[in-house]
Protein chains: 2
Amino acid sequence: MSPPQNEKRSVSLPDVASEAGVSTATAARALGGYGSVSRASREQVLAAAARLGYSRNELASSMITGRTSSIGLVLGDIENYFFSALARSVIDSAKARGYDVLVTNTDENIEAERTAVRVLQERRVDGLIVAPVFSSDTAHLARLTERGTPLVIVNGTIASLDIDCIIGDNVVGAGTAVDHLLSLGHRDIAIVFRSSGMPGAPMSPALASQSGSERVTGYRQSLERAGVTPRLDYQRGGGLRIEDAEIAVNTLLDLEHPPTAIVTTNSVIVLGLLRALAKRGLKVPQDMSVVNFDDPPWAAQVAPPLTTVAQPTKEMGELAVELLCQRLGSDGDPPGVHRLPTTMQLRESTGRLKARRPGRPPVK
Amino acid sequence: MSPPQNEKRSVSLPDVASEAGVSTATAARALGGYGSVSRASREQVLAAAARLGYSRNELASSMITGRTSSIGLVLGDIENYFFSALARSVIDSAKARGYDVLVTNTDENIEAERTAVRVLQERRVDGLIVAPVFSSDTAHLARLTERGTPLVIVNGTIASLDIDCIIGDNVVGAGTAVDHLLSLGHRDIAIVFRSSGMPGAPMSPALASQSGSERVTGYRQSLERAGVTPRLDYQRGGGLRIEDAEIAVNTLLDLEHPPTAIVTTNSVIVLGLLRALAKRGLKVPQDMSVVNFDDPPWAAQVAPPLTTVAQPTKEMGELAVELLCQRLGSDGDPPGVHRLPTTMQLRESTGRLKARRPGRPPVK
DNA sequence: TTGTAGGCGTTATCAC
DNA sequence: GTGATAACGCCTACAA
């Protein structure tokens with residue numbers, strides 16, 4: 001005798017309609033807020049819906065309208081500050097425009113990325129924002145655009161597709177970081193980048209992400225401008241986890257001629273670096289200067305506060321959603337690559353190079 | 001003349017069926033991997049699907065089967081480490097069981113929570129995991145369970161509903177933190193908790209979340225056990241943002257008799273605390289002992305490494321998904337409250353109380 | 001093993 | 001303003 005007879009078929013539009021004494025069409029119009037409905041009927045329908053505990057089935061609605069009001073977000077590693085900040089920004093921006101977000105984590109695994117894209121497509125998301133694992137292995141992304149599903153790339157570019165790409169100015173950003181270290185007298189500058197291979201492995205384009213590669217490029221170019229020849233053994237893959245990065249840093253510290261400054265290409269790597277230094281009792285910046293790519297909230301609060309290259313994560317997320325919505329509305333400028341500038345946050349983890357040998361006074 | 005005639009109707013099951021020269025039923029069976037299909041037909045269908053670039057419409061499928069293979073996750077603030085770690089855990093666990101996750105952020109706003117729950121329900125998620133803003137304002141959650149939608153609560157309990165709740169042992173956790181400070185000789189111990197009101201406002205149950213309130217309770221009980229009367233002006237709401245927490249801490253530091261130790265109830269608040277201390281040149285732990293609730297990866301890497309009360313975020317997320325899946329399968333134990341133990345991470349941000357007045361040597 | 005036909009819950013298109 | 005009715009794309013008895 002109770003209306004909410006659980007575990008049965010849920011109350012649907014015809015139920016509401018008959019309860020309100022109108023047709024399903026009228027009920028749909030009243031509940032959907034479109035077409036024209038008389039005041040009286042609308043109130044009848046709304047009351048009936050409330051009485052029955054009606055909940056509109058978005059699935060059915062989407063099947064008809066062809067849109068789900070949802071977008072898919074495919075990220076590499078949501079534990080990395082860059083991606084979590086990006087996720088936050090995308091979720092907020094999307095909500096402001098009436099979209100929900102389906103978040104997927106790939107762990108920088110191309111197979112996971114392919115699966116994610118397929119599943120999201122099967123869910124008929126209206127559009128996708130993807131931080132791609134590779135900028136070359138993109139058949140699954142090409143298929144998306146062929147089907148006409150709007151796609152925006154973040155933290156990478158896809159040269160073969162005519163779509164919007166948003167990426168930080170990694171070459172310049174890394175360059176300014178190295179320039180800064182050079183200006184402090186450092187010459188033995190290393191870089192530890194996120195890589196999919198074994199931690200400690202030397203640089204190889206296949207191991208690093210596009211962003212990572214670009215940052216290494218900026219690093220090299222800056223050194224070469226200063227007349228310093230980049231050493232391969234100063235360019236190490238730091239793996240994906242804090243522990244991996246720690247191992248990679250240790251291989252650097254164990255070199256016969258260890259670096260005096262290290263650039264890290266993300267916030268996971270830098271934690272491994274700090275851990276490795278702490279375990280050896282090495283002080284920052286006295287024994288080692290450190291610059292990190294990305295500027296998480298805690299960077300300013302560690303001791304010493306970390307000098308970083310900040311990316312405009314919030315703007316990137318907002319722009320991604322905005323561009324996606326332009327495509328959804330089929331208005332907007334032709335797609336292209338959006339390079340967003342980075343900003344150097346000068347704090348205290350970088351110091352002037354001191355002479356290595358005791359007896360020679362530190363340069364002042 | 002090209003097969004992928006964009007902006008048209010996408011290729012659907014009947015298209016594949018006719019291309020393969022079989023009925024839609026056979027095509028559906030071949031693609032869905034159920035029923036019995038002859039080897040020959042299956043290959044025909046699969047080939048046709050690949051040729052046409054077929055992508056199954058999960059929406060339509062879900063309408064028939066009644067399940068979407070997706071779960072909704074409603075969180076307070078994904079920028080807070082606790083929630084982002086929880087999200088990561090839930091997303092991973094859910095994927096392992098074949099579910100996608102719809103993540104929503106409420107910013108601890110009850111209205112946003114209501115909307116999120118409604119929208120997710122309209123999307124027909126198979127179940128929901130909610131970190132509730134309030135443990136009392138729960139009509140929208142009650143409606144869910146009435147409809148029969150499985151629901152698991154994290155970081156809170158709902159006494160009025162017979163559902164699974166997962167929550168850290170906040171009273172005990174905060175108690176051990178304060179016990180530790182007491183054992184170091186501290187008596188003037190303050191606590192700054194996440195609150196929705198103005199930063200710096202004194203404790204009020206309406207301002208703090210359930211977890212926050214419980215942590216304050218543990219704090220008070222520990223003090224009282226030690227014969228110390230809790231002071232109201234040592235219990236401050238820290239708002240939601242780092243900047244708010246900084247303000248709250250400043251009101252503490254400006255007291256005529258400021259505390260010698262501070263407990264913070266989450267990782268956003270503690271960053272505000274560290275910032276406030278740094279700006280005043282106060283050293284941790286020499287001038288101020290600090291314990292934080294939650295143990296983000298950077299806590300061990302700041303200087304000094306932070307003493308924290310760690311929650312088992314990974315286990316919480318896994319358990320939430322597991323319990324939800326039990327409800328979905330309608331097997332499993334009767335629902336109840338799962339209190340997960342916290343673990344104290346003793347590091348270096350807490351030190352023995354020094355005498356305040358110069359002249360008296362610090363206690364050693 | 002295969003095909004036919006009905007239905008999931010909504011929106012859209014018409015007449016009325 | 002309102003009400004039949006036909007889609008949307010798929011699953012699933014049931015019959016062949």
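Lettering of chains follows the sequences in order, A, B, ..., and the numbering in each one begins at 1. Values below: every heavy atom of this structure, side chains too, minus hydrogens, waters and symmetry copies.
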Short side-chain donor-acceptor distance under 3.5 Å, B/Ser70 and B/Asp100: no
B/Leu13 CG - D/dT12 C1' separation (whole Å): 13 Å
Value in whole Å for how far the C1' atom of D/dC8 lies from CD of A/Glu58: 15 Å
Spacing of A/Met63 atom CE relative to C/dC8 atom P, expressed in whole Å: 13 Å
Spacing of B/Leu319 atom CG and B/Asp164 atom CG [to the nearest 0.5 Å]: 7.5 Å
Are there any protein N/O atoms within less than 3.5 Å of an N/O atom in nucleotides 2-7 of chain C, and if so, which ones and at what distance?
| residue | atom | partner | partner atom | Å |
| --- | --- | --- | --- | --- |
| C/dT2 | OP1 | B/Ser38 | OG | 2.8 |
| C/dT2 | OP1 | B/Ser41 | OG | 2.4 |
| C/dT2 | OP2 | B/Ser38 | N | 2.8 |
| C/dT2 | OP2 | B/Ser41 | OG | 3.2 |
| C/dG3 | OP2 | B/Ser23 | N | 2.9 |
| C/dG3 | OP2 | B/Ser23 | OG | 3.1 |
| C/dG3 | OP2 | B/Thr26 | OG1 | 2.8 |
| C/dG3 | N7 | B/Arg29 | NH2 | 2.9 |
| C/dG3 | O6 | B/Arg29 | NH1 | 3.4 |

Listed once per pair and sorted, the salt bridge (charged side-chain N to carboxylate O under 4.0 Å, His left out) pairs that draw on residues 317-326 of chain B, sequence neighbours left out: B/Lys314-B/Glu318
Option passing side-chain hydrogen bond (donor to acceptor under 3.5 Å, both in side chains) with A/Ser55 (candidates B/Arg118, B/Glu122, B/Arg143, B/Arg124): B/Arg124
Between C/dT10 (C1') and B/Glu122 (CD): distance, integer Å: 13 Å
Minimum-distance nucleotide to A/Asn57 side chain [options: D/dC11, C/dA12, C/dG9]: C/dG9
Rounded distance (Å) that lies between atom P of C/dG9 and atom OH of A/Tyr54: 10 Å
Short side-chain N/O contact to C/dC8 OP1/OP2 from B/Arg124, under 4.0 Å: no
For atom CG of B/Asp15 and atom P of D/dG9, their distance in whole Å: 8 Å
B/Leu59 CG to C/dT10 P, straight-line distance once rounded to whole Å: 13 Å
Phosphate contact (C/dT13 OP1 or OP2) by A/Tyr34 side-chain N/O below 4.0 Å: no
Backbone N/O of B/Arg67 and side chain of B/Ser62: donor-acceptor pair under 3.5 Å: yes
Under 3.5 Å: donor-acceptor pair, side chain of B/Asn80, backbone of B/Phe82: yes
Whole-Å gap separating P (D/dT2) and CD (A/Gln44): 11 Å
Stepwise side-chain contact (heavy atoms from CB on, under 4.5 Å) check, B/Leu120 with B/Leu128: CA-CA 8 Å; B/Leu120 290 170; B/Leu128 274 157; 3.3 Å; yes
